[in-house]
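Computed over heavy atoms, backbone and side chain alike; hydrogens, waters and symmetry mates excluded.
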Amino acid sequence: MKLLKKSLYLFFAILLVTALNSHSNIAFAQTYSVVNDLEEPTSPNLVHTESIYKGNEMKETVTLSKLTMDKNEILTLTLPFNFKDGEYIEINKDENDNFVNSANIYNKEGTSIGIISFEKNNDIQLQSHGDDAIELKIKSDEQMLDITYLVASYNYEDYFHSSSWIDRDSLISLSVNPKPLLWESGILERTSIRNDSWQKVLDKHQEDSQFYNENGMKDQYYCHFDFAKGNKVPWNIEPSRPDVGYILTVLNACNP
């Protein structure tokens with residue numbers, strides 16, 4: 001009997017330790033932020049930096065000044081990160097394969113875990129600086145100018161009130177209720193948020209039995225993100241609709 005009690009005590013102790021470790025890992029995954037890996041920006045043109053932190057996001061404005069009076073002088077800024085587990089940065093492109101002023105940060109499995117978004121300014125050009133830094137080159141007639149950018153890690157609850165499968169007009173539909181974060185990004189380029197929020201939809205629903213036709217559903221989601229915004233909610237995306245590409249999806253009012 002004593003041996004049985006000892007065995008039971010040992011069994012429950014192992015269960016308790018396992019539960020605590022699992023909880024710790026979950027908590028880490030929920031609280032991890034790419035902001036923690038962000039290092040100070042560097043530039044020979046850097047004059048001043050002003051940072052505002054809010055949860056797992058940081059909005060920063062840097063003031064840059066030319067070193068000469070040459071109006072053709074190119075201003076530069078490097079934004080480095082201290083990644084520790086195989087994370088990397090990928091600059092985003094538009095539908096015409098042109099680079100835009102935003103990037104996503106991915107973990108080593110290729111899952112988006114963070115966003116970097118700069119002003120919508122054609123004079124700002126982003127370049128990769130290895131896997132762990134972004135370099136900006138800025139053309140400007142001004143001797144001194146400000147550049148604003150956002151670095152953040154968002155979770156599902158930041159983007160959505162809810163999402164669930166419904167029967168709509170005899171079609172199985174993923175009905176997504178978005179939050180204003182998805183369209184209230186102000187002056188900042190939004191592709192990184194579009195990519196990252198779709199990743200959160202995948203994380204939640206990709207293993208559901210109703211989920212298939214990922215490319216077609218992604219184009220429907222992107223179309224709603226780009227055009228429906230908060231004017232038409234919820235966003236309903238159906239896996240049974242054909243995968244016709246983004247442009248034809250848009251021409252068919254997001255539901256080809």
Side-chain angles (χ1 to χ4, degrees), residues 33-68 70-81 88-106 112-154 158-159 178-199 222 225-227 229-230:
S33 173
V34 295
V35 174
N36 297 330
D37 291 329
L38 181 64
E39 298 185 330
E40 292 293 325
T42 62
S43 168
N45 307 106
L46 185 60
V47 175
H48 177 69
T49 303
E50 183 175 338
S51 307
I52 300 174
Y53 291 85
K54 181 181 177 183
N56 287 332
E57 67 178 26
M58 183 214 65
K59 183 175 285 188
E60 190 160 75
T61 299
V62 296
T63 302
L64 303 176
S65 177
K66 291 185 177 180
L67 301 177
T68 69
D70 183 359
K71 67 177 184 179
N72 294 317
E73 180 184 343
I74 303 297
L75 298 163
T76 63
L77 178 74
T78 300
L79 196 62
F81 290 79
Y88 62 94
I89 299 170
E90 190 170 297
I91 300 173
N92 293 316
K93 295 182 178 181
D94 62 18
E95 303 303 328
N96 296 315
D97 210 35
N98 298 314
F99 286 111
V100 296
N101 290 343
S102 74
N104 283 80
I105 299 172
Y106 296 91
S112 175
I113 57 173
I115 66 111
I116 310 171
S117 184
F118 295 87
E119 295 178 27
K120 301 172 186 174
N121 185 333
N122 291 332
D123 292 328
I124 299 176
Q125 302 296 325
L126 301 190
Q127 295 182 359
S128 295
H129 197 74
D131 286 337
D132 57 357
I134 279 185
E135 184 176 62
L136 284 74
K137 293 185 179 296
I138 308 109
K139 297 179 181 178
S140 176
D141 291 333
E142 300 178 33
Q143 190 67 23
M144 186 174 292
L145 74 158
D146 293 336
I147 300 293
T148 298
Y149 51 88
L150 173 72
V151 177
S153 289
Y154 295 124
D158 292 320
Y159 290 131
K179 288 185 176 180
L181 174 60
L182 294 178
W183 58 85
E184 291 182 353
S185 57
I187 65 171
L188 300 175
E189 210 284 327
R190 301 162 62 251
T191 304
S192 56
I193 289 180
R194 184 174 75 161
N195 293 344
D196 191 61
S197 60
W198 171 246
Q199 180 68 59
Y222 282 4
F225 182 100
D226 292 338
F227 298 100
K229 305 185 190 301

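A donor-acceptor pair is defined here as one N or O able to donate and one able to accept, closer than 3.5 Å; no such pair exists between the side chain of K59 and the backbone of T148. At distances below 3.5 Å, not a single donor-acceptor pair connects side-chain atoms of E73 with backbone N or O atoms of K66. Listed for the T61 side chain is no donor-acceptor partner under 3.5 Å among the backbone atoms of E50.
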Determine, stepwise, if the pair L150 / E57 fulfils side chain to side chain contact (heavy atoms under 4.5 Å, CB included).
CA-CA 7 Å; L150 173 72; E57 67 178 26; 4.1 Å; yes
List the steps and the verdict of side chain to side chain contact (heavy atoms under 4.5 Å, CB included) for V62 and D146.
CA-CA 6 Å; V62 296; D146 293 336; over 6 Å; no
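By the 4.5 Å heavy-atom criterion applied to side chains, Y159 and I193 are counted as neighbours. Contact of the F118 side chain with the I138 side chain is not registered, since no non-hydrogen atoms from C-beta on lie closer than 4.5 Å. Within the 4.5 Å cutoff, the side chain of D158 has no heavy atoms near those of the K179 side chain. In this structure, the side chains of L136 and Y149 stay at 4.5 Å or more apart for every pair of heavy atoms. In this structure, the side chains of K139 and Q125 stay at 4.5 Å or more apart for every pair of heavy atoms. Side-chain contact between Y53 and S33 is absent, with no heavy-atom pair separated by less than 4.5 Å. Residues W183 and P178 have side chains in contact (heavy-atom distance under 4.5 Å, counting atoms from C-beta outward).
Of all non-hydrogen atoms in E60 and M58, the two that sit nearest each other are CB-CE, 3.5 Å. Among all heavy-atom pairs drawn from L46 and H48, the shortest one is CD1-O, 3.7 Å. When all heavy atoms of P44 and L67 are compared, the pair lying nearest together is O-CD2, 3.5 Å. Smallest separation of non-hydrogen atoms from S153 and G114: OG-CA, 4.2 Å.
Of the residues D196, L38, I116, I115, the one that meets the side-chain contact (heavy atoms from CB on, under 4.5 Å) test with I105 is I116.
Atom-to-atom distance recorded for I124:CD1 and I147:CD1 is 3.5 Å, nearest 0.5 angstrom. Taking CD1 from I113 and CG from D37, the interatomic distance works out to 7.5 Å, rounded to the nearest 0.5 Å. Rounding to the nearest 0.5 Å gives a distance of 11.5 Å between CG of L64 and CD of Q143. Taken to the nearest 0.5 Å, the CD1 atom of I187 stands 9.0 Å off from the OG atom of S117. Atoms OG1 and CZ, on T191 and F225 in that order, are 7.5 Å from each other to the nearest 0.5 Å.
Pairs of residues two or more places apart, or lying in two chains, that qualify as salt bridge (Lys or Arg N to Asp or Glu O under 4.0 Å) and include a residue from residues 127-136 are E135-K137.
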Under 3.5 Å donor-acceptor pairs involving side-chain atoms of residues 88-104, not counting sequence neighbours:
| from | atom 1 | to | atom 2 | distance (Å) |
| --- | --- | --- | --- | --- |
| N92 | OD1 | N195 | ND2 | 3.0 |
| N92 | ND2 | S102 | OG | 3.0 |
| N92 | ND2 | N104 | OD1 | 3.0 |
| D94 | OD1 | N96 | N | 2.8 |
| D94 | OD1 | D97 | N | 3.1 |
| D94 | OD1 | N98 | N | 2.8 |
| E95 | OE2 | R194 | NH2 | 3.1 |
| N101 | ND2 | E119 | O | 2.9 |
| N101 | ND2 | N121 | O | 2.9 |
| S102 | OG | E189 | OE1 | 2.7 |
| S102 | OG | S192 | N | 3.3 |
| N104 | OD1 | N195 | ND2 | 3.2 |
| N104 | ND2 | S112 | OG | 3.1 |
| N104 | ND2 | S192 | O | 3.1 |

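In the model, N45 has no side-chain atom that pairs as donor or acceptor with a side-chain atom of S65 under 3.5 Å.
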